[in-house]
Amino acid sequence: MNISQLLTLPAFSGARLVAGKAGAERSIEHVNMMDAPDIAGYLKGNDLLVTTAYHFKDDASQLVELIETMAEKRCAGLGIKAKRFLGKIPEEAVAIANAHGLPVIELSEEIGLGTIVNQTLSAILDLRTNELKAAIEAHQTFSDHIVSGKGVGELLENVAKIVGCSIMLLDERCQLVGTTHASRTIVSGLQYLNRMGYQLFLPQTAYTHLSMISEKGQVEVLTVFPVRTNRPKRAMLVMFGHIPALENGHLLTIEQAANVVAFELMKNNALQQYTRRAKNDFFLNFIKKAYSSKKETLNRALEFDLHNDQKYKCIAGRLDTEEKQLGFKQRQIEIEKVFDFIEEELTIFPFVSHLFIMNDICLILVEGESEELASEEYSPTLIALEIIQERVAAHFDRTISFGVSNVCHEFWDVIEAHGEAINALNSGHLSGNKQFVQTYQAKDISKLLRMIPNEDLAEFCAYMLQKLSDAQVNDLSLLQTLAVYLETHCQISETAKRLYVHRNTIIYRLEKIEELLGKDIKDPETTLHLRLALRIQQMLSEQSNLLEQPSVDR
């Protein structure tokens, strides 16, 4: 109830508003009757105080101080029976009340303060009861609407009719779910604010006001309500209009609609999680060639909008460092948060993408034409990956690297493209780089090596590297130093730079490697054999990891 409504009650017949008319719309939540000079210390915001002003009869300045204190505490107003002890309300008190917009009501002498307080509280309780009853009915109506399967769109239309203004629903990613007001500019603006990390909702606030410019150049006043789901970010119920123009009952209606919509969004989120798991399982089976035939594989791929006649590029991404202080479960949750963020970021780029999660690696399939995907310098894909790296670093204080495959001309070839992307990612990490985007360079020698039995490859690898891999040596830095040294074409300074160590440290390690191997690692033939052994070791390790993965039921 506000001051204007208060004056319509029978207990206020004969009362008049003598000051602070600018605050006539102030809301009243509590009513206090003054019985002591220090009552100001017990007042709260939206309190209405009624008094006979007995304590001010000898010192009107105290009344001025009371009005100033009430204004500071944002009280609703002051009701005074002035004639009995004051004769009239002092002019200085009226002036202060007008300056602060604090309503001052001169009460009728015929009606007691107890009656005034009781009628006011009863009226407030009646209003609240009616509002709560309407809210319960609205919640039941909206719930029945959703249960009946009519959907969010029709629910938004019903709410819009009740409150008399257009409404828009955005999910936690600021993607449009439903609307009664088509405005791409408003949606794009809210998506931009979301991506830039702006917090639209302050703690313990029911809604937020903001203004944006529409397509027609007009200023749109928006009132945004949070929709709380099981996601860290909140969805948003956006109302085109200014909330004070609505009645309290309409506010409750919107809040009930937000609650019902939250359950619908959580249901959709659960379905999306199930779909994601099914998609990840499919891709894992596809990579492992677990399906009985190519035809079965391609039919299953169509369920996830993956067409065999489409050209793809495969991208493998992995965080550069692990949070070792976290347990396995918590670490996996943190990794999936980053991958969810990447999937959200991918929606803003001008290409179609599909994201899959396999343990600590995210795999992205990008659709496009051969020319677009094959471009190296101005490829939209490579630009997007660099932007995503910057966004991940800003939001999570983590770095992520990507390996990029060659273009494959049909979905079936993604199996080979997946291997290329993983190979490029591992190659970059082996070189000691971080936050890189490395494109796979076709190496025919890998195909030649696969033609040789693994036993022979392992024997050759052990012969060349056994002393470096020996448990008694137990110094992995030597093997890594050798790999980076060969990768940098035997450049000691560049090797030290990539490994973040002093040049003399590299020289010491190389001398120790030569001592263990009994060979001159600057000799071209030795260098070739060592590079070949390292390549074989990496290939055998990848095959071993693939075999150790748990099998998936078909």
Q: Look at atom CD of E459 and say whether more than 12 heavy atoms of other residues, nucleotides or ligands are closer to it than 6.0 Å.
A: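 Atom CD in E459 is not packed in, count stays at 12 or less.
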(Q) Would you say NZ of K279 has more than 12 non-hydrogen atoms from neighbouring residues, nucleotides or ligands within 6.0 angstrom? (A)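 Counting neighbours around NZ of K279, more than 12 heavy atoms of other residues, nucleotides or ligands fall under 6.0 Å, so yes.
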(Q) Using the side-chain contact (heavy atoms from CB on, under 4.5 Å) definition, which of the options V177, V187, L237, T180 pairs with M168? (A) V187
Q. Are K294 and W412 side-chain neighbours, meaning at least one heavy-atom pair lies under 4.5 Å?
A. yes
Q.
Under a 3.5 Å distance rule, please check whether T297 uses its side chain to pair with a backbone N or O of S293 as donor and acceptor.
A. yes
Q: In plain terms, say whether E303 and R300 are close enough for a salt bridge, that is, a side-chain N and a carboxylate O under 4.0 Å apart.
A: no
**Q.** Residue list, salt bridge (Lys or Arg N to Asp or Glu O under 4.0 Å) with R391, at least two apart or on another chain
**A.** E345
Q: May I have the step-by-step check of side chain to side chain donor-acceptor pair (under 3.5 Å) for H354 and E367, ending in yes or no?
A: CA-CA 8 Å; H354 309 268; E367 296 183 7; 2.8 Å; yes
Classify the angle between the aromatic ring planes of [X] and [Y] as parallel (below 30°), tilted (30 to 60°) or perpendicular (above 60°).
X: F356; Y: F283; result: parallel
X: F282; Y: F411; result: parallel
X: H395; Y: F341; result: tilted

**Q.** Gap separating the CD1 atom of I342 from the CZ atom of F396, nearest 0.5 angstrom
**A.** 8.0 Å
